Every structure is written in C-alpha cells, then in structure tokens.
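From a predicted model like this one, the values you see are computed outputs, not experimental measurements. Each chain gets a letter, A, B and so on, in the order its sequence line appears, and its residues count up from 1.
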2 protein chains.
Amino acid sequence: MHTPNKSIIPVTLTTLKAACSQCNLRELCLPYGLSASEIEQIESMVGVRRRVKRQQHLYRAGETFEAIYAIRSGFFKTDVLLEDGRDQVTGFQMAGEILGMDGISGEAHTCNAVALEDSEICVIPFAHLERLSREIQALQRHFHQVMSREIVRDHGVMMLLGTMRAEERLATFLLNLSQRFTTRGYSPAEFHLRMTRDEIGSYLGLKLETVSRAFSRFQDEGFISVQQKHIRILDIAGLKKLLNHPPS
Amino acid sequence: MHTPNKSIIPVTLTTLKAACSQCNLRELCLPYGLSASEIEQIESMVGVRRRVKRQQHLYRAGETFEAIYAIRSGFFKTDVLLEDGRDQVTGFQMAGEILGMDGISGEAHTCNAVALEDSEICVIPFAHLERLSREIQALQRHFHQVMSREIVRDHGVMMLLGTMRAEERLATFLLNLSQRFTTRGYSPAEFHLRMTRDEIGSYLGLKLETVSRAFSRFQDEGFISVQQKHIRILDIAGLKKLLNHPPS
DNA sequence: TAGCCGTTTTGATTTGCGTCAACACGTCCA
DNA sequence: TGGACGTGTTGACGCAAATCAAAACGGCTA
C-alpha cells in the first residue's frame with residue numbers, strides 16, 4: 001500500500017480549470033460569437049477538463065444526465081444499442097463538437113460515447129449552462145444553433161441511409177471527414193481514420209466487407225490511396241462525381 | 001373581377017389569437033409543465049393560428065427561418081431534397097408536436113413541411129420564444145427537451161434504417177403510430193394512414209412495392225387488417241415479435 | 001524472432017429488396 | 001355512365017449487398 005506521494009491524484013482525472021479564452025477552438029465550440037467578457041463568464045460554467053483514454057466511455061446509455069461535453073482534443077463515436085444486441089454508430093465527433101445532447105430530453109443518456117483515441121473534454125454542467133444562457137443571449141442563441149445543427153446532421157444521415165448506395169455513402173463520409181478536418185486546420189487530403197471498418201460500416205448501414213470493397217474500388221479508380229487507416233484523397237472531383245447519381 | 005365582399009379576407013389565413021390555456025394539447029405541447037400564470041405569458045408569444053390545407057406547404061427548404069410551429073390539429077410530413085431529385089421523408093408529425101427546429105441552425109429552413117390533411121398550426125416567432133425562455137425557466141427547460149427528443153427520435157430512425165429489415169421497419173412504424181395516437185386519446189388499434197405507400201416507403205428507406213407487400217404479409221399472418229389507408233391492429237404481440245430479431 | 005490476435009482484404013455464393021410490368025381499385029369530372 | 005388519373009396490389013426477374021469462408025497483414029508480447 002505504499003503509494004509515491006506525487007501519484008495520489010491519478011493523472012487520468014485531471015481537474016484542470018477550463019480556459020475558453022485561451023482555447024484555440026473557441027470559434028468552433030460553444031463560446032462562438034461571444035464577447036471577451038462573456039467568455040470569461042463561460043469559463044465559470046465549464047467545470048473541469050477530463051481526460052478520456054482510448055476505448056473508455058465518456059458516458060453510457062442509462063447513466064444519469066447531468067452535463068454536456070465539449071471535445072477539446074481527440075475523437076469519439078456515439079452508438080445506440082437494441083435489446084437484441086444490434087447496435088448502430090450514430091456519429092463520430094471531433095474537437096470543438098458537443099456531446100451528450102441526447103440526454104437533455106430525459107433523466108438519462110440514450111446512447112454511449114466512446115473515445116476512439118486518447119481525448120480531452122470539457123465538462124459543462126447542464127444546469128449551469130441553462131442558467132447562463134438565460135443571462136447571455138448570444139450563448140442561448142448559439143446553443144440552440146448547436147442543437148439544431150445536430151438535427152440537420154441527423155437528417156443528412158437519414159438521407160444517406162435511406163437513399164444512397166454503398167459507394168455513394170462512403171464517398172459522402174470521406175468528403176465530410178475531409179471537410180471537418182480542414183475546418184480544424186488539418187490537411188483536407190490526408191488523414192488518419194480513428195475508427196475500424198466495422199464502425200464505419202455500422203455508421204453507414206453497411207457490413208465491414210462492403211466498406212472494405214468500396215475502399216479498394218476507390219483506390220483502383222485512383223480516387224484515394226488507402227493504407228490501413230491512412231487515407232489520402234487523390235481526386236476529390238472524382239469522389240464528388242459519385243454523389244448525386246441516383247440508383248434508378 | 002367581381003369579388004363578394006365577405007371573401008376579401010381569405011378564410012385560409014385565419015389570424016385567430018392562440019389560447020394555450022384553453023387548448024387541450026397543452027400537456028403535449030410547449031406549455032407542458034408551466035403554471036397557469038406562465039401559460040398566460042406564453043399566449044402572448046404564440047402569434048396566431050394558421051390553417052394549412054392538405055398538400056400545402058407550411059414552409060419550404062430555403063425559406064427564411066423566423067418561427068417554429070406547434071400543430072394544433074392535422075398531420076404533416078417533413079422531407080429533404082437532394083439536388084438530383086431524390087428525396088427522403090424525415091418525419092411525420094401530429095397534433096402537439098413542434099415543426100421547424102431544423103431552421104434554427106442557419107438563416108433558412110433545410111426541409112419542407114407539407115400538410116397531409118387540412119391542419120391548423122400555432123405560429124411561434126422564434127425571437128419571441130428565446131426572449132420568453134430567458135425569463136421562464138420551465139419554458140426553457142421544456143424547449144430544450146423538445147429539441148433533444150427530436151435528436152433521440154432521429155437516432156431511432158437511423159437505427160431503423162441502418163439495421164432493420166423491411167418487415168421490422170414497417171412493424172416499428174405501425175407500433176410507433178399506434179402509440180402516438182393513443183397518447184392523443186385515439187384508438188391504439190384502429191387508425192387512418194394520412195400518407196401514401198410511397199411516403200411510408202421514403203420514410204422507411206423502402207420502395208412502395210415493398211411496403212405494400214409487407215402490409216399484405218402482415219394481413220395474411222393475421223397481425224393487422226388493411227383496407228386502403230384504414231389500418232386495424234389485430235395482434236399487437238404478433239407485430240412486436242417481429243422486432244428484436246436480428247437478420248444474422 | 002516467433003507466435004498470437006484483432007483487423008482487413010478478397011473470393012464465392014446467397015438473398016432481400018429493387019425494378020419492371022400488368023392489373024385492380026376508388027375518385028373525380030366530363 | 002364512362003374514361004382518366006392517382007394509388008395500391010401482385011408477379012417475375014435482376015442485382016447490390018449480405019453472408020460465409022479463407023487468407024494476409026500489422027502490432028503486440030513472450
């Protein structure tokens with residue numbers, strides 16, 4: 001039971017005070033559109049930063065809902081489970097995006113959030129967010145926009161699942177990732193997939209073999225180069241041509 | 001060009017003042033959980049009632065977003081369009097439900113809302129809703145829950161589209177309708193579909209022929225009786241047994 | 001360095017749903 | 001009353017993706 005005194009507080013539960021005003025994600029995240037003084041108020045709302053290691057859950061379906069989470073760094077997936085064991089990945093989230101809004105409607109979260117790489121998140125106690133957004137109009141406005149954006153995104157996924165064929169789904173997925181990496185200052189053409197083929201398939205309503213075959217075809221056509229999880233987009237126009245060509 | 005004087009104001013644009021306190025939907029709709037005096041304040045927010053005739057649009061994708069809408073009576077569908085003409089029904093909405101939240105994230109609506117029968121809606125100017133929900137905590141809370149519920153519902157549809165086979169999708173759809181009619185005081189076992197087979201198919205990611213065949217099979221099995229748009233559920237347990245049986 | 005395990009790729013085969021086509025039904029209007 | 005049109009049903013056939021199977025790859029650790 002001898003514990004070196006410096007490790008009494010586990011490093012994985014860092015309770016660093018958040019500093020939105022210093023955060024380079026503030027234009028992507030909740031503080032968007034706020035004045036400097038308003039951002040200071042926000043900092044009091046954002047409780048702490050928390051590290052979540054790869055494969056760890058940030059929250060699970062059924063857990064009491066208390067806070068939403070802003071991703072400071074890292075990569076997450078959310079998924080829902082059916083009683084019979086089937087599950088569906090409902091989204092992949094990256095830095096600056098908000099997690100946990102599914103829990104607002106009830107007492108508990110309705111899906112699982114799992115880190116796909118070591119990540120850091122800012123905890124935003126929901127009661128605190130509601131209190132502040134009654135005072136700061138710009139915060140209220142932006143939070144509503146964030147929730148609405150999630151609804152619009154979901155409609156896009158429904159469209160994808162309901163009307164697109166396999167290759168069009170994967171092309172849409174890659175172009176979406178590329179665009180989001182670009183917004184965050186990364187290369188639009190070269191990136192590392194954090195998720196497995198199985199997880200991509202679950203999100204796109206396809207089996208992993210189908211995802212793999214589509215990747216191979218894209219490579220054969222010269223649209224992309226694939227090496228395991230490393231993707232390089234070689235012909236963005238080629239990928240985009242796969243879109244908007246209805247099956248019938 | 002002779003116009004009878006009594007029809008100068010078209011009847012379809014009734015500008016009746018809303019009266020939430022008298023409305024029998026208040027426990028399903030936005031005023032849920034508010035005190036009598038708070039509901040009075042709400043009435044000032046809800047602008048007017050408007051009639052929307054069958055097949056008319058309540059709003060269209062691209063139109064400037066200004067208000068959300070509470071359905072007082074009637075039935076709607078929402079759908080999104082792809083440039084190439086493909087479209088997907090994203091939802092069917094009935095009395096007490098809220099329409100238009102897709103528009104909050106930007107300047108404009110991102111989908112179309114069409115009445116599937118003559119309907120009446122309450123117009124809720126969004127700026128007014130935000131102002132009031134800064135003052136009335138219970139309203140703020142409930143509005144957030146309504147938005148979150150929409151996100152959770154969308155996740156359910158993604159699950160349906162991503163993992164279920166045709167008959168399971170249709171059974172889920174029928175059970176969901178039945179449940180919502182029940183909540184509204186109608187029969188859980190007998191109802192009238194307001195949408196065509198094509199619209200059901202679009203929502204469920206199936207072709208209309210597949211929907212029709214599934215209806216026929218359900219009837220053959222004795223789960224339901226179908227006569228055009230009139231549905232009678234004969235064996236709810238039978239329908240439920242179709243759920244939770246994964247394909248593989 | 002060898003051996004194991006999770007992940008990915010590729011091939012052969014099956015199948016559920018889409019597609020195409022014909023016909024039945026109900027409603028509207030001439 | 002009849003014919004046109006929108007909607008729904010049913011059958012025959014084809015195809016995209018699922019399923020089943022096996023082997024290759026890369027990252028571990030013993």
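A donor and an acceptor atom sit less than 3.5 Å apart, one in the side chain of Arg213(A) and one in the base of dG11(C). On a pure distance criterion of 3.5 Å, a polar donor-acceptor pair joins the side chain of Glu209(B) and the base of dC20(C).
At the heavy-atom level, Gly201(A) lies nowhere under 4.0 Å from the strands shown. Thr196(B) comes within contact range of the sugar-phosphate backbone alone, with a heavy-atom separation under 4.0 Å but no base atom that close. Heavy atoms of Leu206(B) sit under 4.0 angstrom from primed sugar atoms or phosphate atoms, though from no base atom.
Between Thr210(A) and the phosphate of dA16(D), there is no side-chain N or O to OP1/OP2 separation shorter than 4.0 Å.
Here dG8(D) presents its P atom at 15 Å from NE2 of His230(B), a figure rounded to the nearest Å. With rounding to whole Å, Met164(A) atom CE is found 18 Å from dA16(D) atom P. Rounded to an integer number of Å, the gap from CG of Leu242(B) to P of dG16(C) is 15 Å. Straight-line distance from the CG atom of Asp220(B) to the P atom of dG11(D): 10 Å, rounded to whole Å. In this structure, the CD atom of Gln227(A) is 15 Å from the C1' atom of dA24(D), given to the nearest Å. In this structure, the CD1 atom of Ile231(A) is 12 Å from the C1' atom of dT8(C), given to the nearest Å. Atom CG of Asp198(B) is separated from atom P of dC5(D) by 19 Å (rounded to the nearest Å). Per the geometry, CG belonging to Leu193(A) stands 15 Å off C1' belonging to dT9(C), to the nearest Å.
Using a 4.0 Å cut-off between charged nitrogen and carboxylate oxygen, Arg213(A) and Glu209(A) do not count as a salt-bridge pair. Between Glu221(A) and Lys241(A), none of the side-chain N atoms (NZ, or NE/NH1/NH2) sits under 4.0 Å from a carboxylate O, so this pair counts as no salt bridge. Ion pairing of Arg184(B) with Glu97(B) is present here, as a side-chain N (NZ or NE/NH1/NH2) and a carboxylate O approach within less than 4.0 Å.
Here the nucleotide nearest the side chain of Ala166(A), chosen from dA17(D), dT8(C), dT9(D), is dA17(D). The side chain of Gln228(A) lies closest to dG26(D), out of dG26(D), dA16(D), dG8(D). Among the nucleotides dC17(C), dG8(D), dA18(D), the one closest to the side chain of Lys229(B) is dG8(D). With distances taken from any side-chain atom of Arg165(B) to the nucleotides dT9(C), dG8(D), dC17(C), the minimum falls on dC17(C).
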* **ring pair (Phe, Tyr, Trp, His ring centres under 6.0 Å) assessment of Tyr186(A) paired with Phe191(A)** => CA-CA 8 Å; Tyr186(A) 300 110; Phe191(A) 47 85; over 10 Å; no
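Projected onto DNA chain D by closest heavy-atom contact, Lys207(A) and Met195(B) fall at different nucleotides, the more 5' of which corresponds to Met195(B).
Side-chain atoms of Phe173(A) and Leu160(A), non-hydrogen and from C-beta on, never get closer than 4.5 Å to each other.
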